[in-house]
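Starting from 1, each residue takes its place in the sequence as its number. In this text the structure is predicted, and so the values were computed from the model without any measurement.
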Amino acid sequence: MILYYAMGGGLGHLTRARAILHTLGLTHAALVLTASDYADDRRVTGDLRVIKAPAALALDLPAYRLWLMRLLARLRPTALYLDTFPAGICGELCDFPPVTDLPVHYVARLLQWPAYERLLAGRRPPRFAATHVLEPLAPAHAAFVARQSVKHAPLTLVDPPRPDDEAARGRFALLTRAAGPVWLIAHSAPAAEVAELLAYAEELRRLEQPGAQLILLARDVPPALPAHIVHFDCYPAAPLFARAARVVSACGFNVMREMRRHRAKHRFMPFPRRFDDQFARAARALHEHP
């Protein structure tokens with residue numbers, strides 16, 4: 001059994017975990033450790049076996065490290081896969097004896113490396129048997145990967161097959177019966193960002209396609225959603241992108257990858273994150289497809 005360490009709190013880490021494990025042929029051998037609020041949503045986790053980290057330990061790093069040490073001793077995984085953060089989201093895997101003799105694989109995507117590197121100052125991060133690079137990294141991050149890895153190479157993700165949800169397709173068809181183009185706004189949280197994307201989509205619609213129908217793809221209905229914007233709780237959202245005249249989103253890794261084949265109709269807005277560099281990812285996308 002391998003342990004896939006995906007300790008971010010949002011949807012993206014679990015979406016990426018399924019794609020990575022499918023691509024590497026490890027889905028049935030994996031157990032995913034996560035703090036995500038989506039851990040109990042079977043639409044998101046599918047057939048994955050999932051352990052939810054105790055929320056009570058979120059602000060107590062020593063207690064969390066002790067809990068993790070005991071978990072590793074109990075599970076005795078044959079390998080550890082680290083999603084996004086090479087020493088954990090808080091640097092918790094620096095100087096961490098249980099990973100010293102355990103084969104560690106790092107799944108690397110773009111980070112604001114100077115911000116993350118401060119967690120590593122004067123400490124010993126894990127060494128990696130292999131690093132799977134999902135997108136170009138900042139130079140200092142790439143240099144770190146080269147130093148810490150026995151081998152490293154790009155990895156192109158292949159999404160897992162998903163059951164054809166006839167009920168979801170039927171509901172979406174009912175929502176889009178009105179004449180005219182459909183615009184999708186794909187973002188779940190936080191509510192303030194959803195509100196910004198909705199305002200952005202409204203202004204773009206006024207300029208580009210005033211008759212377009214706006215549909216928000218999100219798990220929860222945001223506060224004060226305008227009556228003319230339809231809410232649709234659908235996961236995965238990616239199969240709907242081909243049907244839309246426009247897709248409006250933030251610049252997280254997953255949605256930018258999923259929209260690469262539809263870039264001409266993608267409108268995106270980067271948001272500040274503690275470690276994810278959405279602004280650099282957005283700039284790259286504009287350079288590739290002006």
Side-chain angles (χ1 to χ4, degrees), residues 5-17 19-20 23 36 81-91 105-121 125 128 130-149 152-157 159 184-190 192-197 199-201 203-204 237-238 241 246-290:
Y5 194 82
M7 286 301 293
L11 176 62
H13 291 273
L14 291 178
T15 297
R16 187 166 46 252
I20 289 160
T23 302
S36 174
Y81 281 69
L82 304 180
D83 180 77
T84 302
F85 307 111
I89 195 169
C90 297
H105 295 245
Y106 173 37
V107 178
R109 65 150 171 81
L110 186 64
L111 289 174
Q112 298 184 66
W113 186 249
Y116 185 81
E117 192 177 29
R118 286 194 285 271
L119 298 178
L120 310 181
F128 309 123
T131 293
H132 310 283
V133 182
L134 303 185
E135 61 182 333
L137 309 177
H141 188 185
F144 168 85
V145 164
R147 289 195 307 272
Q148 292 295 116
S149 308
H152 57 93
L155 179 67
T156 300
L157 295 185
D159 290 311
L184 302 178
I185 302 98
H187 201 58
S188 286
E193 292 182 0
V194 173
E196 284 195 58
L197 282 175
Y200 177 46
E203 181 62 12
L204 283 175
F241 294 162
R246 297 281 187 277
V247 176
V248 179
S249 77
C251 299
F253 170 81
N254 294 309
V255 71
M256 296 299 280
R257 179 181 73 86
E258 291 163 347
M259 284 302 300
R260 192 169 292 130
R261 71 188 70 177
H262 309 296
R263 188 67 84 214
K265 62 183 179 182
H266 192 195
R267 306 291 183 265
F268 44 84
M269 175 187 292
F271 288 103
R273 293 287 184 265
R274 183 185 179 195
F275 295 130
D276 188 21
D277 197 341
Q278 292 200 5
F279 291 87
R281 191 176 292 117
R284 287 176 181 173
L286 289 172
H287 179 73
E288 293 168 1
H289 300 272

Review point. Would you say Ser36's side chain and Gly10's backbone share a donor-acceptor pair under 3.5 angstrom?
Key: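 Yes, because the side chain of Ser36 sits within donor-acceptor range (under 3.5 Å) of the backbone of Gly10.
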
Point to revise | Trace of the side chain to side chain contact (heavy atoms under 4.5 Å, CB included) decision for Met259 with Val247 | key: CA-CA 8 Å; Met259 284 302 300; Val247 176; 3.7 Å; yes

Point to revise | Check against side chain to side chain contact (heavy atoms under 4.5 Å, CB included), Leu137 and Trp113 | key: CA-CA 9 Å; Leu137 309 177; Trp113 186 249; over 6 Å; no

Flag the pair [X] / [Y] as yes when at least one side-chain heavy-atom distance between them is below 4.5 Å, and no otherwise.
X	Y	answer
Asp83	Ile20	yes
Arg16	Thr84	yes
Phe144	Leu111	no
Glu258	Thr15	yes
Leu286	Phe268	yes
Pro125	Gln148	yes
Gln112	His141	no
His266	Met256	yes

Check your understanding: Run the side chain to side chain contact (heavy atoms under 4.5 Å, CB included) check on Leu134 and Arg257 step by step: do they pass?
Key -> CA-CA 10 Å; Leu134 303 185; Arg257 179 181 73 86; over 6 Å; no

Exercise for review: Kindly write out the residues that satisfy ring-ring contact (aromatic ring centres under 6.0 Å, His included) with Tyr200, not counting sequence neighbours, or none if the list is empty.
Suggested key: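 For Tyr200 there are no ring-ring contact (aromatic ring centres under 6.0 Å, His included) partners, ignoring immediate neighbours.
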
Review point. Which value, rounded to the nearest 0.5 Å, describes the distance between Glu135 atom CD and Leu157 atom CG?
Key: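 Nearest 0.5 Å value for the CD-CG distance: 10.0 Å.
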
**Study point:** Rounded distance [0.5 Å steps], CE in Met269 versus OG in Ser249
**Key:**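 Atom-to-atom, Met269:CE and Ser249:OG are 10.0 Å apart.
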
Exercise for review: Check the pair Phe241, Leu184 against side chain to side chain contact (heavy atoms under 4.5 Å, CB included), reporting the backbone distance first and the verdict last.
Suggested key: CA-CA 8 Å; Phe241 294 162; Leu184 302 178; 4.1 Å; yes

Minimal non-hydrogen separation, [X] against [Y], with atom names:
X	Y	result
Tyr116	Gly88	OH-O, 2.7 Å
Ala250	Val255	O-CG1, 3.6 Å
Asn254	Gly12	ND2-O, 2.9 Å
Gly91	Leu119	N-CD1, 3.8 Å
Leu110	Ala280	CD2-CB, 3.8 Å
Ile185	Leu197	CG2-CB, 4.0 Å

Check your understanding: Would you say the side chains of Arg284 and His287 form a donor-acceptor pair under 3.5 Å?
Key -> no

Check your understanding: Is the shortest side-chain N to carboxylate O distance from Asp276 to Arg109 below 4.0 Å?
Key ->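 Answer for the salt bridge query: yes.
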
Exercise for review: List for me each residue that meets side-chain contact (heavy atoms from CB on, under 4.5 Å) alongside Glu193, sequence neighbours excluded, and say none if there are none.
Suggested key: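 Here the qualifying residues are His187, Pro190, Phe271, Arg273.
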
Review point. Mind checking whether Phe85 and His13 have parallel, tilted or perpendicular rings, split at 30° and 60°?
Key: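 Answer is tilted, since the angle falls between 30° and 60°.
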
